[in-house]
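Below is one structure, written out as structure tokens; comments come after it.
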Amino acid sequence: MEYVLYFLAGMFAFNAIPHLFTGVIGYKHMTPFGKESSATLNVLWGFLNLAISVLLLNLTQSGIRFPSAMDTVAAFLVGGLIMSLMDAGLFSNPDARMP
């Protein structure tokens with residue numbers, strides 16, 4: 001069962017990669033919600049895949065050991081999500097300009 005959890009965690013983790021990258025650079029990409037899903041939806045789908053991967057890894061015997069201050073990990077992830085969503089919005093706009 002341990003190998004099955006690692007296998008599934010790897011599938012979800014590596015599925016997150018194309019969605020996060022294409023979303024952050026503002027491109028449309030296929031998700032279960034549509035053939036040409038928006039960049040923002042791809043960022044959210046990528047983060048969900050990453051979260052599922054982490055949850056599956058936590059079910060293994062070795063698990064993932066987070067720092068004792070879980071709020072610092074949560075703050076880090078929320079910061080990453082917000083920045084990714086901001087980039088998705090900026091780079092998917094064809095008339096976008098840097099400030």
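These numbers come from the heavy atoms of this one structure, side chains and all, not from hydrogens, waters or symmetry mates. Just so we're clear, the structure is a prediction, and the values are computed from it rather than from any experiment.
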Residues Asn42 and Gly23: closest non-hydrogen pair is CB-CA, 4.1 Å

Next on the checklist: Is there a side-chain contact (heavy atoms from CB on, under 4.5 Å) between Ile25 and Asp87? Walk through the geometry before answering.
Outcome noted: CA-CA 7 Å; Ile25 62 174; Asp87 284 344; over 6 Å; no

Check: Should Trp45 and Leu20 be marked as a side-chain contact (heavy atoms from CB on, under 4.5 Å) after you check the CA-CA gap, both sets of side-chain angles, and the distance that decides it?
Finding: CA-CA 8 Å; Trp45 183 246; Leu20 286 172; over 6 Å; no

Check: Do Phe7 and Leu56 share a hydrophobic cluster, counting only Ile, Leu, Val, Met, Phe, Trp and Tyr and linking them when any side-chain heavy atoms are less than 4.5 Å apart?
Finding: yes

**Asked** Taking C-beta and beyond as the side chain, do Val43 and Val24 meet within less than 4.5 Å on heavy atoms?
**Response** yes

Determine, using the 4.5 Å side-chain heavy-atom cutoff (strictly less than), whether Leu81 and Leu55 are members of one ILVMFWY cluster. no

* Would Ile52 and Phe47 show up in the same hydrophobic cluster when neighbours are defined by side-chain heavy atoms closer than 4.5 Å? -> no

Between Ala13 and Ser53, the two heavy atoms sitting closest are CB-OG, 3.4 Å

In short, Ala39 meets Ser92 closest at the heavy-atom pair CB-CB, 4.1 Å

Students should find that the hydrophobic cluster of Ile17, defined by side-chain heavy atoms under 4.5 Å apart, otherwise consists of Phe14, Phe21

Next on the checklist: Under the criterion side-chain contact (heavy atoms from CB on, under 4.5 Å), I'd like the reasoning laid out for Thr40 against Leu85: C-alpha separation, chi angles, the key distance, then a yes or no.
Outcome noted: CA-CA 6 Å; Thr40 302; Leu85 289 171; 3.6 Å; yes

Smallest heavy-atom separation, Met30 atom then His19 atom, equals O-CE1, 2.9 Å

Q.
Hydrophobic clusters here meaning ILVMFWY residues chained together by side-chain heavy-atom distances under 4.5 Å, can you tell me if Leu8 and Leu59 are in one?
A. yes

Here the pair of heavy atoms bringing Pro18 nearest to His29 is CB-NE2, 4.2 Å

Is Phe91 reachable from Leu44 through a run of hydrophobic residues whose side-chain heavy atoms are each under 4.5 Å from the next?
no

In terms of heavy-atom contacts, Leu50 and Ala16 come closest through N-CB, 3.9 Å

